[in-house]
4 protein chains.
Amino acid sequence: MGTKTVYADVKDLALAGKGRLRTEWAERQMPVLRQIRDDFARDRPLEGHRLAACLHVTTETANLAITLKAGGADVVVCASNPLSTQDDVAAHLVADHQIATFAIKGEDHDTYYEHIQAALAHKPSITMDDGADLVSALHMLALERFDDLAEPVRNWATRLGADERNAVVRGVIGSTEETTTGVIRLKAMAKDGVLQFPVIAVNDSYTKHLFDNRYGTGQSTVDGILRATNILLAGSIVVIAGYGWCGRGVAMRARGLGASVIVTEVDPIRALEAAMDGFTVMPIDGAARIGDVFVTLTGNKHVIGEAQFKLMKDGAIVANSGHFNVELDLDALGRMADAPPATVREFVQEYRIGGRRVYILGEGRLINLAAAEGHPASVMDMSFANQALGAEYLVRNGAQLTRAVHRMPEDVDRNIAALKLRAMGVAIDTLSPEQQHYLVSWDMGT
Amino acid sequence: MGTKTVYADVKDLALAGKGRLRTEWAERQMPVLRQIRDDFARDRPLEGHRLAACLHVTTETANLAITLKAGGADVVVCASNPLSTQDDVAAHLVADHQIATFAIKGEDHDTYYEHIQAALAHKPSITMDDGADLVSALHMLALERFDDLAEPVRNWATRLGADERNAVVRGVIGSTEETTTGVIRLKAMAKDGVLQFPVIAVNDSYTKHLFDNRYGTGQSTVDGILRATNILLAGSIVVIAGYGWCGRGVAMRARGLGASVIVTEVDPIRALEAAMDGFTVMPIDGAARIGDVFVTLTGNKHVIGEAQFKLMKDGAIVANSGHFNVELDLDALGRMADAPPATVREFVQEYRIGGRRVYILGEGRLINLAAAEGHPASVMDMSFANQALGAEYLVRNGAQLTRAVHRMPEDVDRNIAALKLRAMGVAIDTLSPEQQHYLVSWDMGT
Amino acid sequence: MGTKTVYADVKDLALAGKGRLRTEWAERQMPVLRQIRDDFARDRPLEGHRLAACLHVTTETANLAITLKAGGADVVVCASNPLSTQDDVAAHLVADHQIATFAIKGEDHDTYYEHIQAALAHKPSITMDDGADLVSALHMLALERFDDLAEPVRNWATRLGADERNAVVRGVIGSTEETTTGVIRLKAMAKDGVLQFPVIAVNDSYTKHLFDNRYGTGQSTVDGILRATNILLAGSIVVIAGYGWCGRGVAMRARGLGASVIVTEVDPIRALEAAMDGFTVMPIDGAARIGDVFVTLTGNKHVIGEAQFKLMKDGAIVANSGHFNVELDLDALGRMADAPPATVREFVQEYRIGGRRVYILGEGRLINLAAAEGHPASVMDMSFANQALGAEYLVRNGAQLTRAVHRMPEDVDRNIAALKLRAMGVAIDTLSPEQQHYLVSWDMGT
Amino acid sequence: MGTKTVYADVKDLALAGKGRLRTEWAERQMPVLRQIRDDFARDRPLEGHRLAACLHVTTETANLAITLKAGGADVVVCASNPLSTQDDVAAHLVADHQIATFAIKGEDHDTYYEHIQAALAHKPSITMDDGADLVSALHMLALERFDDLAEPVRNWATRLGADERNAVVRGVIGSTEETTTGVIRLKAMAKDGVLQFPVIAVNDSYTKHLFDNRYGTGQSTVDGILRATNILLAGSIVVIAGYGWCGRGVAMRARGLGASVIVTEVDPIRALEAAMDGFTVMPIDGAARIGDVFVTLTGNKHVIGEAQFKLMKDGAIVANSGHFNVELDLDALGRMADAPPATVREFVQEYRIGGRRVYILGEGRLINLAAAEGHPASVMDMSFANQALGAEYLVRNGAQLTRAVHRMPEDVDRNIAALKLRAMGVAIDTLSPEQQHYLVSWDMGT
């Protein structure tokens, strides 16, 4: 850590060595972000900016944070989920990069919000969010809805004078948001007229949601389930609640591993797609009776609750891969159970209900981060390229942007894809002038 | 035909009986359109309207035409492709439903445009297009670009006085368009400021392009290739040019039949999706050397031309499933060949180039309609539900719509999906009030 | 036909031109058989032999017959199924190759057996069978079980003196058999001690049953269903009865086209494989209630009968792709129906039972041959390479073989695969001497 | 451990608690073995037998060992691979079940053979092998080929008198063998006439190799690769060397996770199957140039060696999933490398060759056991049901069996499948008497 003191809260700085090796391993598979880091180091586009990033503290996020710092930003990182932190990575960021990091795997509710508070206390000009917890807290502050703040943030907020509070909020030129869930929240805020600054919906970039949500969530969710349980998916019945980009990613991977997949949905168009993709579609209550493994990815709450737990077979395994841990109604399950849950294997809790056993994985938090390592670096390469360029975009254009949710420009999006293909060694075609002309003309017919 | 005389041009009215049976068979799988037909018969929303539909004359189109007539429209149908007409169906429409139909399978270029002209002569208030040939001709008329009209239409147009011509164009309250290709043309027209009336892009409905383009084109294209050639796809290398909705449909079905699939693209995002979907992505020239079967679905011209034909292996099979027959440069192939092509099997033409043979299927026209029967009724059910409801929408709202390309309202789209699911016997979930509230709130976090 | 008179019974010799083109098209995809034909033409291994082939008369069979003739055999061909003959091919064999052919698509029961009788009257020294009908008739002759012979054969047999009958049977040095079904029959004959000559089970060659039964039946069965019905498989529930090589071929192709597939089985090991392959496994009665499309490939009788027809949904489509048309109990269905079946589309018969409709495809005969063109040439290339080499093997070794069912030697099998790979342009590795040594040694461990 | 002293060598008995929980978790998914354990506990078929099991010491093996003990056997367990032991499970067997266990994860070569020696010193009447190391050592003993024994075994063997050595070998009534690799070794021994006792090839049971090798190895190999590397498989090129049951399992799972899969083979029939299954087939040298991830499963040595390592791209990842760690020529790689390998992540070693980096996973030992947890319990349930019943079969029939490699009786095999299906809640059909009769008759034709 040299002579500089970094204010931070991590589990154990001694883990930094392992974290460094793992972060470097991830870096090998992040060629696009590497390119951006080189550009940033040369151009320093974030110079003079204080940046608070509330993200899953993984090896990929470490590479993003290092890139942002290379761009000149004064970066603070806090966890966006109590279970998703990789403690060795957090240590590495602090010890080797002097990046203020507040994240401990398994931290309790209060600690989680103390870390959020620490990020706010950084007085960021740019925020970077994964689920909108940071932005949401900022807005509670702005709207003086102190009661809606978790206690550690409320205490801090009320200690600040009104001027200081306003300064915190007004200092933000904009935020970026990583997830579908966060974008939905932010659009609701914009619709209610309360959004205080422009937001770049990184999630809405094609090079983000088409890849990270589908291929990233798809693989890492089944990876998390396998690491947690070591069950054989072939021959099992896997129930996927929600057929958005994440859900279809998991559905195709579960099938790819030999499971028979059932999809539940509330949207008729998605349900129809699932059916035409060869999946069995049925209401959640029907699925609850026959499923061996359940995964929720809906962005909604209590998708599996008392009614469903009642119907499940002995031995049913239930996981969530949606952003928030509200998709499973664990309170209800706790009330139904004969006794407190027993941990029968790491990340596996057994609830006994009469003669039946229901297994909850990773306490209902996103299973790919709780029991595995989150999205592979190769796919986060694109998501975080969008994050880094999104921060740069806010610096350049934030003043002109309305207080709404914006999408990254399509040419940036397309360029990220082109960089990725080049790094993969994949060449594609280009349009001839004749073909370009043909596409914009309308007078050539049959 | 009773005592009413229907002006029409079909191959042989004696085929009507077979056409009726086949049309009824299709109808069994079009429950959504059936429902709309019942509603139309009761409400007569198209009463008083003259409607010209330029569509592939198939059993599914017959059911649409019958539905439109049931809604009160005075319908005329013309072919949207010289090779796609099912002659028995054309006969059935004329003989059993007294619907004026102008379509003969294998008609030459002049006849094709005589049929377009006949549709224009109907003086439609609503047009329905599949590739925008009809609307395009109407606009050439409006813009007095007579030289750009095919001869049969030009002759007719120049015979009309200016007033009469204007009356034809001004009589149109709007059009619907079925295809991606047509929508691209129409948006180019709107951008150039020449579009004369509003257009409903039926293609842009989710219940159209997500299903028809993907599952419909996917299955029917491989079906067309199999009927034309009876080759084994397992173990062959299939090259798909274009990874739009149609291209990905064919790619997944070719893989589903055991082929090793190569994708070529010009768009980096789509190329990256193809790679992550497990397909091999490479430039068309590389693919040309190793492919056994080629299918173009790009909406562009000369995607496979002299450069590629030169590289192909002996025995290469080449088909187009894009809307227009410009995707293959058959003129170039004709010039390269040692002799005129020989028909070695129905829909298969052999070009000999030195010692090599290249096989072109269906003269480069959409192979699913040329060699098979087009999209299955079950998927056209939704596409044509959009068409029928699009016509009704134009009647109700056409006057208020701008001269631009519009999308069908989302609730109509969603309702079509819901009707389809119900007909398939598939039930889905609904949101609880608590869940609906959660989705629009932004203040509940981790 | 030149000046030689060929005794034959085909539909129309005028179809020969079309048959020739189609046979040549198939030949392009049969490089292994082409190689064997060249070898046969040089070596004439079948010189002096009379060969009766009871096979599906398709373009691929035509290439086999031409090959056998090139090898010196005096060949007669008769149909192995009343619905599978391609009349143009039959005409081509007679008109252009002077091969005696007895086969007419749609021939009735008596004509079918008159054709079998004509093949027997040829007094073959080698027989080639597809389902063992020819060999079975020969044995009824030998065993003097005249009552078990169909009338045309019985009449002929009883007209012959005992000596002449014996001469017919004793003249056969051996037979080859193409199908699983036939091999099961022949093994039953061998077990009962009645088999009169050695049989080469071509079906048991790896290059036959692993390919033809799986990839050939897989593709051609779905092809037949699509040609017969033009339904969309995506989103439908397809029930496959029997998970042998044929059944798994169809199951994987139906899934590959987007269907949700249910498998029914009587063998627990196969059922378990189907489940682990991700298919839903259940008893036929459960499947009958929910299936949209049914395909039988069990080699057994009445797999779908009254009990199942009673349970089916309105609109259920039922096909057989097993060798014999006994898998569906159509007599029972006929008795259940309100009226004789109506042909609502070529190869589709509608049975009405109360308010429900059940559709039988191709009269319950193997749907890939009834409604499509049978296995693609590329896969029959290997099956018929086995047939041709099997005939040669009988000539060389028949005298030494026991009256049992034999398998082709493995090196012949392996060589056919190697020839096929070479024709596909696929190279593989060879073992180094060190590796060969390692494989036969047992003393090198961990 | 009570008052009984168990001779054992495990890492840390304090891990027993965790091992117990994990073993019980596995037991939940082993219903067939559970049933057998209940039967064994009642009937004690192994009473009086000393049984030495040389197996991967995993949670599944623990359940087998417990079952064997319940059957009355005096069981000793030793590791069949230095890297595959789960130390908590070894501790559990000793501490909670008093089963003598010799296995430490990461043990060196000498320790490995000391453990083999300890198993031999148990003087087993039945041996149970996974790769034939134990049986092989027994035979070196019998043949007095002491130089071929690893040092710890040699020392022990030479200490024994000839009589005692003979007693050890002659005391064995038979062995069972788990793997393809072991069966190949044992058949070579039988062919060389040196096999000293009958062997039950558990691997050859359908309920073993069709399931464990395919679905077990398939899933657990990709699981091992993901845990070791956390790379994204979608969009990567995975090279599978060997298309036996294991190879096809991994190929289908790699594809199922979005990889583009290349297969290399030496057998033309398997190569052709791979091609028809849609995989790209090419020689290993071609594959070496383009692969991102390599997996060997051939049962042969040096499948990837100097020639291939030279051609690999920077960053290539190489794993072995074959039984022995000879498939990769790591000595050659070590010689080629600029420096000794660096461990850049657990189970990942980086070799630098000039500017390129090659990553070897799990030191070239079976990656599913080295980096993941081996086959899931659900599939080992059947494999170990075969083992347990194989031991019982040896007790009952060993005296009558020839000194050869035998297969388990088919009805035992079928019964295991039936028990498994029942446990999965899957019902299947049974043949009617009429159908049974049809299958054995040969006189019913077309």
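Below, all heavy atoms of this structure are taken into account, side chains as well, without hydrogens, waters or symmetry copies. The chains referred to below are lettered A, B, ... by the order of the sequence lines, with proteins before strands, and numbering in each begins at 1.
- Note on Glu327(D) versus Lys301(D): no salt bridge recorded, every NZ/NE/NH1/NH2 to OD/OE distance being 4.0 Å or above.
- Looking at Leu210(C), the atoms closer than 4.5 Å to chain D (heavy atoms on both sides) all sit in the side chain, from C-beta outward.
- Here salt bridge (Lys or Arg N to Asp or Glu O under 4.0 Å) pairs that include residues 274-286 of chain D, with residues two or more places apart or in two chains, number zero.
- Of the listed residues (Leu431(C), Thr298(C), Asp429(C)), the greatest number of heavy-atom pairs within a distance under 4.5 Å of chain D belongs to Asp429(C).
- The contact between Val281(D) and chain C is made by backbone and side chain atoms together, counting heavy-atom distances below 4.5 Å.
- Of the listed residues (Arg214(D), His139(D), Met424(D)), the greatest number of heavy-atom pairs within a distance under 4.5 Å of chain C belongs to Arg214(D).
- A salt bridge links Glu273(D) with Arg248(D): at least one charged nitrogen is closer than 4.0 Å to a carboxylate oxygen.
- When heavy atoms are compared at a cutoff of 4.5 Å, Ala418(C) approaches chain D by way of both its backbone and its side chain.
- The shortest side-chain heavy-atom distance between Phe211(D) and Ile269(C) falls under the 4.5 Å cut-off.
- Per-residue counts of heavy-atom pairs under 4.5 Å with chain C were compared for Val194(D), Thr280(D), Asp267(D); the largest is that of Asp267(D).
- At a threshold of 4.0 Å, the pair Arg185(C)-Asp133(C) counts as salt-bridged, since one of the basic side-chain nitrogens sits closer than that to a carboxylate oxygen.
- Using a 4.5 Å cut-off between heavy atoms, Arg270(C) does not touch chain D at all.
- Contact annotation for Leu143(D): only side-chain heavy atoms (C-beta onward) come within less than 4.5 Å of a heavy atom of chain C.
- For the pair Asp329(D) (side chain) and Gly305(D) (backbone), a donor-acceptor distance under 3.5 Å is absent.
- Among Glu265(D), Lys191(D), His302(D), the residue making the largest number of heavy-atom pairs under 4.5 Å with chain C is Glu265(D).
- Within the 4.5 angstrom heavy-atom criterion, atoms from both the backbone and the side chain of Ile428(D) approach chain C.
- When each of Ile284(C), Val263(C), Leu186(C) is scored by its heavy-atom pairs under 4.5 Å with chain D, the top score falls to Ile284(C).
- Both the backbone and the side chain of Asp413(C) come within contact range of chain D, each with at least one heavy atom under 4.5 Å from a heavy atom of that chain.
- Donor-acceptor pairing under 3.5 Å is lacking for the side chains of Asn81(D) and His56(D).
- Using a 4.0 Å cut-off between charged side-chain N and carboxylate O, Lys187(D) and Asp192(D) make no salt bridge.
- Residues that satisfy the side-chain contact (heavy atoms from CB on, under 4.5 Å) test with Thr85(D), not counting sequence neighbours, are Val57(D), Ala79(D), Asp87(D), Ala90(D), Ala103(D), Lys105(D).
- Among the candidates Ala132(C), Ala427(C), Ser432(C), Ala188(C), the residue making the largest number of heavy-atom pairs closer than 4.5 Å to chain D is Ala427(C).
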